[in-house]
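Heads up, the thing below is written out as structure tokens.
These values consider heavy atoms only, across backbone and side chains, with no hydrogens, waters or symmetry-generated copies. Numbering of ligands and ligand atoms starts at 1, following listing order.
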Amino acid sequence: MFQKSRHAAAALFAMLFLFTAAVHAQTARLPRVSILATGGTIAGTGATSTTTVGYTAATVGVQALIAAVPEIAKVASISGEQVFQIASENMGNEHWLVLAKRVNALLAQPDVDGIVITHGTDTLEETAYFLNLVVKSRKPVVLVGSMRPSTALSADGPINLYNAVNLAGSPAAVGKGVLVAMNDQIHAARDVTKSNTTTADTFRTTELGMIGYIQGGKPYFYREVTRKHTADTEFDVSRLDVLPQVDVAYAYANVGDVAVKALVASGAKGLVHAGVGNGSLPAKTRPALIAAREKGVVIVRAARVGQGIVARNGEANDDQLDFVVADTLSPQKARILLMLALTRTSSTREIQRMFHTY
Ligand code: SIN
């Protein structure tokens with residue numbers, strides 16, 4: 001009897017030990033983060049350590065980028081893929097479709113917890129917003145770049161990459177939409193913009209505000225993203241190889257109709273008018289925009305100002321002209337939403353709903 005209860009106690013102890021070890025292994029498991037490299041200054045090299053302009057972007061491969069920051073292997077289980085090796089001024093719709101499909105495929109795998117995309121800073125905000133609209137997962141996707149090439153004194157790439165990996169592996173970043181991690185700050189894809197040609201603190205969400213900080217590798221969130229994104233959008237690029245042509249026509253004092261007419265003649269299905277002020281329509285541009293709309297081109301009135309809501313029926317009678325307003329989206333981001341909207345509908349009423357939703 002005594003012998004029997006001793007065996008039972010030993011078995012119970014062994015089970016408890018195994019259970020605790022399993023729980024510990026589970027909680028101690030490093031997050032699995034895939035790094036997708038696309039080029040940019042973060043992968044750039046200069047002639048000397050003081051070369052911070054006039055360097056060559058997109059030369060260092062993904063494995064070298066990872067090897068340069070051995071600290072990330074302590075905070076995540078990393079895999080790396082070279083998706084492109086380009087300066088981001090050459091980023092095109094075709095690159096976005098390839099990237100989005102790869103991101104969606106990886107995030108569908110149970111062994112991937114988050115994704116970091118290394119990217120040139122020039123169009124980083126555009127790629128981030130595109131992915132924010134087409135990624136079909138709540139897992140974190142973080143874009144990161146650097147303003148100084150990898151060979152520069154005080155290169156910002158390594159710390160930005162370390163922060164981005166920590167963010168992509170953090171449960172706190174789940175469901176937040178596509179994020180941008182630069183300069184110890186966390187920005188939401190929809191609202192962030194590059195604000196300075198060369199300084200390390202170039203990424204800003206000027207009036208609406210960044211959503212958090214990264215300190216000591218740990219993300220701290222202070223704001224919620226309210227516009228719909230990722231798993232909650234109606235856009236699906238899984239079967240698309242091309243996006244509708246949408247272009248931006250920039251307004252300025254003395255602007256005429258040459259750009260609008262040329263863009264329509266080149267086949268644009270949508271045009272973003274980057275208007276002055278509250279998206280105003282200059283008298284010399286207005287007839288060309290109206291003629292374009294009559295031909296079926298969807299016109300979105302945006303503002304080149306950088307901040308604020310373009311008021312519907314404010315500076316133009318949008319109801320009468322059958323135009324759409326961009327809400328607070330910058331012209332370059334309005335172009336992205338209009339392209340995706342045109343993959344779903346040509347109804348301006350529906351497209352306006354989308355601009356007030358995403
Ligand atoms: C680029 O956008 O590829 C070059 C500039 C940069 O990454 O900062």
**Prompt:** Does any N or O in the side chain of Arg344 come within less than 3.5 Å of the main-chain N or O of Glu234, such that one atom is a donor and the other an acceptor?
**Reply:** yes
**Complete:** Here the atoms of ligand 1 under 4.0 Å from any heavy atom belonging to Gly40 are 3 (O), 7 (O)
**Per-atom contacts of ligand 1 with Ala87, taking only distances under 4.0 Å to non-hydrogen atoms** = 3 (O)
**Asked** If every non-hydrogen atom of Phe355 is compared with every non-hydrogen atom of Leu338, which pair is closest and at what distance?
**Response** CZ-N, 3.9 Å
**Request:** Could you pull out the closest heavy-atom pair between His95 and Asn90, with the gap in Å?
**Result:** CE1-O, 3.3 Å
**Asked** Identify the closest protein heavy atom to atom 3 (O) of ligand 1: which residue and atom is it, and at what distance?
**Response** Ser88 N, 2.6 Å
**Message:** Students should be able to answer this: which protein heavy-atom is nearest to atom 5 (C) of ligand 1, and at what distance?
**Reply:** Thr41 OG1, 3.1 Å
**Asked** Under 3.5 Å, is there a donor-acceptor pair between the side chain of Ser146 and the main chain of Ile42?
**Response** yes
**Prompt:** Which ligand 1 atoms are under 4.0 Å away from a heavy-atom of Gly120?
**Reply:** 1 (C), 2 (O), 3 (O), 7 (O)
**Prompt:** Looking only at heavy atoms, is any part of Ser146 under 4.0 Å from ligand 1, and if so is it the side chain, the backbone, or both, or is it neither?
**Reply:** backbone
**Asked** For Val144 and His119, what are the C-alpha separation, side-chain angles and deciding distance, and is it a side-chain contact (heavy atoms from CB on, under 4.5 Å)?
**Response** CA-CA 6 Å; Val144 64; His119 198 290; over 6 Å; no
**Item:** Flag, side chain of Lys333 to backbone of Arg190, donor-acceptor distance under 3.5 Å
**Value:** yes
**Message:** Give me the residue, atom name and distance of the protein heavy atom closest to atom 8 (O) of ligand 1.
**Reply:** Thr121 OG1, 2.5 Å
